[in-house]
Structures are given as C-alpha cells and as structure tokens.
Amino acid sequence: MKRTSYIGELGQAQVGTTVTLQGWVNRRRDLGGLIFLELRDRSGTVQVQVEPDSAAFAAADTLRAEYVVEVEGRFQARPEGQRKGGLADFEVIASRVTVLNAARTPPFELEKGEQVAEDIRLKYRYLDLRRPEMQRQLMLRSKAVAAVTAFLDAEGFVQVETPMLTKSTPEGARDFLVPSRLNPGEFYALPQSPQLFKQLLMISGLDRYYQLARCFRDEDLRADRQPDFTQLDMEMSFVTQEDVLEVQERLMAHVFRVVLDTELPLPFPRLSYHEAMDRYGSDKPDLRFDLRFVDVTDLFRGGEFAAFAGAETVKVLAAPELTRKQIDELERVAKQNGAKGLAWVRREGDSFTGGISKFVGGQAAALLERSGVQPGGTLLFAAGDWKKAVTALGAVRLALRDLFNLAADGPQFHAAWVLDFPQLEWDEDSGTWTYMHHPFTAPHPEDIPLFGTDRQGEIRAQAYDLVLNGYEVGGGSIRIHDPAVQAQMFQAIGFSEAEAQEKFGFFLDALEYGTPPHGGIAWGFDRLVMVMAGAGSIREVIAFPKNNRGVDLMAQAPSPVEDAQLAEVGVVVRDQE
RNA sequence: GGUCCGGUAGUGUAGCGGUUAGCAUAACUGCCUGUCACGCAGUAGGUCGCGGGUUCAAAUCCCGUCCGGACCGCCA
C-alpha cells in the first residue's frame, strides 16, 4: 500500500517526514499562485499546500470537489499564527499530486448534509455516506456489534444462523413472500424474527444462543421502522425472568461503556405495564423526564361536567403556561391519539380560568394540591376509557417534551424495564382474545388458573420490554415449555388444535421431546444504535435504508421484473385498479 | 386506509393575484502567493412537481393527482 497512514493518524510525531496520503478533495482554495487543498479520508481532513513552482501544481490546478487523489509531500507544522488547533496546526507541502479519479460535480454539497432533502441524500447515498457524520454513525454501529459479540461470546452464548427462507405464519406482521420455483404455487416467507428457531435451539440443548438477525415485516414504515431490520436475538435455557434481565443489563452497560464511554446505572428501574400506562400513557415511556399524570377521576365522578362525570378515568397533566395556539396543537395530538378532546384550565392565583374552568370551581383546591401546577400553568385533562384516556394524554406528554425540550434536563440516556404485560388482549375488531406478545409467551404460573375464566384478561405474561429514551429497544419473554400450557394458550386465543398443528406442528412436536425452561429477548438493534448516535431516524444508522414507502431511492427497488422471471416462479401479476 | 406539513435554477430558500421570478451556495471564465466557508469581477443555469379550474391576469387562489416527510391505523 502506497498510503503511509490515515490522515487522522498524523500528528506531531510525523512532522518533518514525507507522507503519502490518499483520499477525496474536500475543498480547494485557489489563490492563483498558491493552491490549498483539503484532503479527506474516513479518519479526518488535512490541508495540503501546493506551491506554484512545485511539480504538483499542474495536477492540483485541475482538481475539483470529490476528485480522488494521491498526495505525496512533507508533513510539517504551519507557520505560527496560522495554527487552528488539532490537525489544522499542520499541513502537507505537496511534492506530487496524482489524480486517481476525476468526479462529476456532486448533486449536493456534502458539507450541507443535514440541510439537504432526505430523498436526494438517499438517491446518492454513496455520497451522503462520505460525510463524516454518517461515517461516525456507521463506525459507532460497528463498534456496538463488536462489543455485543465480545460480551456474549465471553458469556458462553453460541452464535447460530437461522434460515432467511422459512415458513409463513398467519399471525403477527404481514410476511414478505418468496415464490418457490421448485415447488410451484408455494411460497417461503422471510422471517419476521427467528422466534421458533431460537426456541428449537434451546430444545436442541445449545443452552445459550445469539444472532444479529435480519428480520422482515411487510408493514407501514415510520422514522424508527424499516421493512428489513436487524435484531440482536438471544435465548437462554434454564433461566428465570430475573436471570434474563440481569444478563441484559450487564450487556447493555457493557455496550455503552465500550462504545460511548458512558456508564448506565444498574440495575435499570422497573415498572409494570399498568404503571407505565397509568402514569405516562405509554408502554415505552420516555423517563428522561418525569412529568406524570395525576388521577382525578374521583373529583369529577357524578359531577356537573358531563364529559367527566361518567368517565372510567380522568387524568390530568400539569403543563407550563401555554398559548391558545399551543393548546390547539396539543388537542390535535390528543385527538389523533384517540381522545374526543383535550380539556384544559389555566391557573390564576388559587383558581382556574379558561377552558372548562367553570366546571372545576368546587374542585379547584384539590386540583391545585394534587397537580402542583405552577401559577400561570395549564392543566390538561383526558377522560374516557382508561386505556384511551392515558394513551391520548401520553401522546400529549411527548408533545410537551418536544415543545419545551423537557428531556434536556434529564440524563442523556435512561433505560428501564417494563414488565408484567397482559398475556391476552381483547381485540375489538375480531371480537376475540389475542396474545399481546406472541403465543409462546409463558404466563405467570400463579395466573394460569385464570385461563378460560372471565378474568383471563388479568393473566400476566412473563414478558419484558427494554425501554431507552422512550423507544422500545428490546422485548422478550420466558417461553412456554409445557405442552399443556401451550394448549391452554392456543385455546384462549381461539386456535383450534388442527390450526395449531397446521401452522406450528413441527414446533409443538418438538415441545414434547424434552424442552428445557427457557426465555430470551431481541433488541431492535437499529433503534438502539439510533438512540446511541443521537439520530432522529433509524435511516441515519442504516447504510442503505428505504424511505417511508419502502422504496430504495438509490437502487430503485422494488421494481417490475421480466415476464420470463415471473413464469419461472409460477407467478402471475394481476392488474392493479 | 386516514390526518397533518412540504414541493420555486444542481442544492438551500424568498416571493403568496400583475416582479425581467429574487437571494445564497454550487458550477463555468478571468484575476489573485498564506487561504482555511479564501477574496474580487463576470457568465450561464428555472416546464415555479403534474393536470384541470377560477380570473382580464396564477408560482401565488380552488380541485385532483404524483412525489417527499411526520403521525394514527398497522407493526405477535
């Protein structure tokens, strides 16, 4: 290799030596007689000076932004008074400049990076990825992979790869389908997660498994959701929930220590699903700030304000002083998240004005005391079914966070566990019970007798979510290892024995051949890296992401295919209307 | 499927009923020996996303549509 070092490795020690560097022209400052170049590689940038009588001058004169060049020259300190700190204390006096490749004028200025429309950055992703910020994020991700691998390997986890072409299952997310040429009319599905395979590995006796698994879900996208994404998938045998959480906390702390030099306080705080929903209106609450709901259901029950009088739940959130415009915006948020409206009052002295204040006269003292609202501050109310009310107010809580930058005063990272999810959830659309996590999640043993009773909605699952800064970065459970409990579970969700056999027969068979108690978790690895990098979107930490319509704007995927290809796999495309 | 925001030279934006569609930056040409967002002078660059409507007149107002983004539904 002709290159003597990365640019970022240069420093005082190299002063006086001749170096050969290779990289891209970041910037050219042509003073006529004298040309300055900024040369960039993945490690940094350095200034190159080309003097008019130098053999390098002719080549340097032709350079433009993003040309690929090799520069040979003397590395030296800059004249005093022109040292700008760091590598800008030094420069390379070029003796030779070789153009390794010319470049067309870039479609956007790389240094404008973040300000450029994202679709243009995505179309020219290879240029966007030249930006130091993007390279920093990819390198951070790479470090996180290395840290995870080192930790889990040391803890005795075995890395196993599971198939990408597998069986479609009817439940959960929509599958991506792959036609089978050798079995016309039949399809593989891409895995939504390696769930059954990792459980089978426990049945196989591997005891501890992990994998950075690519997963695929054909659902609508969000800033933190891609159709293909990466899970750090783990499973352990002969463990209790407590064992899983303990390893996970040490793993997470290790990753933050190695990658970010940040200590996460252990153990992580825990709250139940019910507490999380009841206080913060989310099963993944952002706990960098507290701002919790206050229950005031009793103050309004049977009172004069009809909208609150008969409500199952009335919650209130104490906000800072808000303008009418801000309240309108927050009401819009509440409505989009299922509320009928967002009632409010403003504190003036020891009473309330505006909004629904004429209905709260009698409750003013109690409201003041319970909410602790500051003078001038606003109380925001949500009422209705418990779940609807808290969910809507939870969205308002996050809108307030964004409005007043509430997370800024808290810790940079806040990790917590959310536990005791319901085993079953009533699905209003289908009028049936369904699982909340997945159908292999083990219930709390003492709740098992509730299966099949009218209290089965109270069954708690041994399921847990890892929440970081308001993002669900991990979720898992202890699994059912007793075929009899598995049968009860299928029955509860209206799965006939025949259906269960057809969909999961191989797995149910396996359960009967000596299944150890086991449990595990999967991290949404892209999301975790996003939070660690301080990025606002998962796309910022994925090299080649898709946009929010699932389109790869660079590769132009998806795309139509040749009729001959379709014929080979036995697929006929119907006209769209 | 729904709600909201946006679309004007390569890029980022101003203009919001009558403008020669402006500014910055990038690009190109010339000048310039210590710049570092180099500077100076000049040149070129626009289907104002697309279609329809209102109007004497539309980048501007209305409707539709396409594209981009955020969110709801969905995502075990």
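Here is how names work: the chains are called A, B, and so on, in the same order as the sequence lines, proteins then strands, and each is numbered from 1.
The side chain of A/L34 approaches B/rU33 more closely than any other nucleotide in the set B/rU33, B/rC72, B/rG68. Taking only side-chain atoms of A/R222, from C-beta outward, the nucleotide of B/rG34, B/rU11, B/rC71 with the closest atom is B/rC71. Closest approach to the A/R549 side chain among B/rU11, B/rC67, B/rG34 is made by B/rC67 (side chain taken as heavy atoms from C-beta onward). Of the candidate nucleotides B/rG34, B/rU11, B/rC36, B/rU11 has the atom nearest to the side chain of A/E109.
Mapping A/T434 and A/R539 onto RNA chain B via the closest heavy atom, the residue that lands nearer the 5' end is A/R539. Of the two residues contacting RNA chain B, namely A/V116 and A/G338, the nearest-nucleotide position lying further toward the 5' end is that of A/V116.
Among the protein residues, A/R27 comes within range of the sugar-phosphate backbone only, with heavy atoms under 4.0 Å from sugar or phosphate atoms but none that close to a base. Counting non-hydrogen atoms under 4.0 angstrom, A/K84 reaches a base of the nucleic acid. When heavy atoms are screened at a 4.0 angstrom cut-off, A/P52 is found touching base atoms of the nucleic acid. Among the atoms of the strands shown, none is found under 4.0 Å from any heavy atom of A/P106. Nucleic acid contact for A/L221: none, since no nucleic acid atom lies under 4.0 Å from a heavy atom of the residue. A/E38 comes within contact range of the sugar-phosphate backbone alone, with a heavy-atom separation under 4.0 Å but no base atom that close. Base contact: A/S193 has a heavy atom under 4.0 Å from a base atom. When heavy atoms are screened at a 4.0 angstrom cut-off, A/E66 is found touching no nucleic acid atom at all. Residue A/Q336 is classed as a base contact, given a heavy-atom separation below 4.0 Å to a base. Contacts of A/Q49 with the nucleic acid, taken as non-hydrogen atoms under 4.0 Å apart, include base atoms.
Across the C1' atoms, B/rG46 and B/rG22 are found 12 Å apart, a figure rounded to whole Å. If you take atom P in B/rG53 and the same atom in B/rG1, they sit 28 Å apart, rounded to whole Å. With P as the reference atom, B/rG15 and B/rU29 are 34 Å apart, rounded to whole Å. Taking the P atom of each, B/rG51 and B/rG12 are spaced 22 Å apart, rounded to whole Å. When the P atom is used for both B/rA59 and B/rG49, the distance is 10 Å, rounded to whole Å. Here the separation of B/rU11 from B/rG2, taken at their P atoms, is 30 Å to the nearest Å. Rounded to whole Å, the C1' atom of B/rG34 lies 48 Å from the corresponding atom of B/rC16. Between the P atoms of B/rU8 and B/rC48, the separation comes to 11 Å (whole Å).
Residue-to-nucleotide contacts include a donor-acceptor pair under 3.5 Å from the side chain of A/Q82 to the base of B/rG34. You'll find a donor-acceptor pair under 3.5 Å spanning the side chain of A/Q47 and the base of B/rU35, going by distance alone.
Between A/R225 and the phosphate of B/rG73, there is no side-chain N or O to OP1/OP2 separation shorter than 4.0 Å. Between A/R29 and B/rU35, a side-chain N or O to OP1/OP2 separation shorter than 4.0 Å is absent. Taking only side-chain nitrogens and oxygens, A/N547 comes nearer than 4.0 Å to OP1 or OP2 of B/rG69. In this model, the phosphate group of B/rA70 is approached by a side-chain N or O of A/N548 to a distance below 4.0 Å at OP1 or OP2. Taking side-chain N and O atoms only, A/R64 has no distance below 4.0 Å to OP1 or OP2 of B/rA26.
For A/R479 and A/E235, the salt-bridge test passes: some basic side-chain N is under 4.0 Å from an acidic carboxylate O. The pair A/E38-A/R29 meets the salt-bridge criterion, with a side-chain N (NZ, NE, NH1 or NH2) lying under 4.0 Å from an Asp/Glu carboxylate O. One finds a salt bridge joining A/E540 and A/R121 here, because a Lys/Arg side-chain nitrogen approaches an Asp/Glu carboxylate oxygen to under 4.0 Å.
A cation-pi contact links A/R397 to A/F289, judged by a cut-off of 6.0 Å to the six-membered ring centre and 45° from its axis.
In summary, the aromatic rings of A/F440 and A/F507 are positioned with their centroids under 6.0 Å apart.
Checking A/T162 against A/Q211 by side-chain atom types alone, a donor-acceptor pair falls below 3.5 Å. A/H444 and A/Q462 form no side-chain donor-acceptor contact under 3.5 Å, judged by distance and modelled atom types alone.
Stacking between A/F108 and the base of B/rU11 is absent under the criterion of ring centres within 5.5 Å and planes under 30 degrees.
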